[in-house]
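These notes concern the structure reproduced below.
Model, not experiment: these values are computed from the prediction.
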Amino acid sequence: MNAGTKYFSPASISNFGFATSALSYAVESIGIDIVHTPINSGDNENELVFHGFNNPSEKSDINAWIIKLWEGFPWRSGLKVSFRLEIYNKIPTDTDINVVGPVLAAVVVAFNVFNKRSLEQRDLFDYTSNCLEDQLDGKTYNSLACSLIGGMIVGHNGSSIKEYQRISFPQGFSSVLCVGPKKPLDSRLPKEPRSVDSLINLTTQLALILYKSNLDLFLAFSETNFNLENLSLDTFETSFAEKAKIYGINTLFRPAKDNRGLVAVATNSFKASELADEFNSDCKAKGLKGDSALFLKHNHEGVYKY
């Protein structure tokens, strides 16, 4: 990476769904790195460089949103200063984890530090929400909030989340993300379309898991049993689920935006780590390419300089 002020913004795992609240938690090992470098050129031309982004449309949107955030940033210095922003995507593409939220979180923190403003995380979230209103979806708002503040959050107001609440991170909470080869969405969906009720129920899985695990957390979600068979698992996911049960981890849910991948939620980090190691060893022994499991340590502080 080039010289400049460097920041890390954690990705977030979320059970975001339809017409309901969303529960998310930030992870440390995957996310977005940015390097912010002021350029006193006087021409007010900014430069954005993307690394690890494969979607041209996504890069174009992010570029436009960052410029809009910069131009409207509260009490920005009137000096004609430009900046170079290098953005490094450290989120594996096969996970389908939201990328835009962590990028925007890192950018507004960088702007805040550069302008020597004392805006708090809530202020930065509110500013971004207002500045990009109707341009970002609920998933991105939820991811933005979680990446900014770290830990675990509950997002409110259904598909257009604009409010969030941070909650206590359960002691010992760990997770393993199951990643497989990217396939068309149609191959991941059940043959019979799900009802709206069943889609809503899927979004409450993680909250129920935490509540029923007697962790230090209480959420007012409706009681709904989690049925693994309703998730229409692929072969690699079935193997992952079976490995999880060996380690006494029976709590699984889908976090990805396109209904891909599984996450095993554990209350013991050693179990989660061993699950990831054994699943990866099995995949290697069988010569399976693209199948893997990521042991996720959790970020408690949100965006930070390093």
Side-chain angles (χ1 to χ4, degrees), residues 1 6-17 22-36 47-70 85-111 121 124-125 128-129 131-132 134-150 153 155 159-161 164 175 177-183 185 188 254-263 290 292 294 296-299 302-304 306:
M1 293 184 183
K6 302 175 182 179
Y7 301 85
F8 174 76
S9 179
S12 62
I13 305 296
S14 175
N15 70 331
F16 188 94
L23 184 68
S24 303
Y25 58 92
V27 296
E28 181 63 28
S29 56
I30 55 179
I32 299 292
D33 281 324
I34 72 165
V35 181
H36 180 268
E47 182 182 1
L48 275 71
V49 182
F50 293 87
H51 304 271
F53 290 79
N54 300 321
N55 187 333
S57 176
E58 187 174 63
K59 289 194 294 185
S60 176
D61 288 340
I62 291 174
N63 186 90
W65 294 331
I66 289 176
I67 297 303
K68 189 171 183 179
L69 288 171
W70 173 248
L85 197 62
E86 292 199 60
I87 305 173
Y88 297 82
N89 181 14
K90 298 171 65 177
I91 301 174
T93 55
D94 284 339
T95 62
D96 273 342
I97 290 174
N98 185 282
V99 173
V100 179
V103 170
L104 298 181
V107 167
V108 293
V109 169
F111 289 169
Q121 293 158 323
L124 294 173
F125 177 80
T128 306
S129 298
C131 186
L132 301 179
D134 299 327
Q135 297 182 50
L136 305 180
D137 59 18
K139 298 181 182 68
T140 303
Y141 281 124
N142 193 56
S143 177
L144 168 67
C146 198
S147 295
L148 267 176
I149 68 176
I153 69 148
S159 61
S160 59
I161 289 177
Y164 67 87
S175 58
L177 176 62
C178 177
V179 183
K182 196 168 184 67
K183 297 181 179 180
L185 178 60
R188 300 275 173 163
R254 282 197 188 281
K257 62 182 180 182
D258 289 332
N259 206 37
R260 299 181 59 251
L262 287 176
V263 167
S292 63
L294 303 175
L296 301 177
K297 296 182 179 180
H298 302 121
N299 176 291
V303 180
Y304 58 84
Y306 65 96

Only one of Asp61, Ile67, Ile66 forms a side-chain contact (heavy atoms from CB on, under 4.5 Å) with Asn63, so which one is it? Ile67
Quick one: SG on Cys131 to CH2 on Trp70, what's the gap to the nearest 0.5 Å? 13.0 Å
Without hydrogens or angle criteria, can the side chains of Asn98 and Ser12 be said to hold a donor-acceptor pair below 3.5 Å? no
When every non-hydrogen atom of Leu296 is compared with those of Ser29, the smallest separation belongs to CD2-OG, 3.6 Å
Mind checking the OH-CD1 spacing from Tyr7 to Ile87? Nearest 0.5 Å is all I need. 13.5 Å
Rounded at 0.5 Å granularity, tell me how far CG in Leu48 sits from CD1 in Ile62. 9.5 Å
Which pair of non-hydrogen atoms, one from Ile153 and one from Ala145, has the smallest distance, and what is that distance? CD1-CB, 3.8 Å
Side chains of Ser143 and Ser24 in contact at under 4.5 Å (non-hydrogen atoms): no
So Leu104 and Leu136, do their side chains get closer than 4.5 Å, heavy atoms only? yes
Less than 4.5 Å apart, any side-chain heavy atom of Val103 and any of Trp65? no
Will you find, in the side chains of Ser175 and Tyr25, an N or O donor that is under 3.5 Å from an N or O acceptor? yes
Indicate yes or no: at least one non-hydrogen side-chain atom of Pro10 is less than 4.5 angstrom from one of Val27. no
Nearest 0.5 Å please: distance from the CD1 atom of Ile32 over to the CZ atom of Phe8. 8.5 Å
Between the main-chain N or O of Ala11 and the side-chain N or O of Ser147, is there a donor-acceptor pair closer than 3.5 Å? no
Do you know the tightest heavy-atom contact between Ile91 and Pro102? CD1-CG, 4.4 Å
Between Asn89 and Phe53 the two heavy atoms that sit nearest each other are CB-CE1, 3.5 Å
Atom CZ in Phe125, atom CG in Leu148: separation rounded to 0.5 Å? 8.0 Å
Any side-chain heavy-atom pair of Lys6 and Val35 under 4.5 Å: yes
Among side-chain atoms of Asn299 and Tyr304, is any donor-acceptor pair under 3.5 angstrom? no
Sequence neighbours left out, what passes salt bridge (charged side-chain N to carboxylate O under 4.0 Å, His left out) with Glu47? Give chain and number order. Arg84
Spacing of CG belonging to Leu124 relative to CD1 belonging to Ile149, to within rounding of 0.5 Å: 12.0 Å
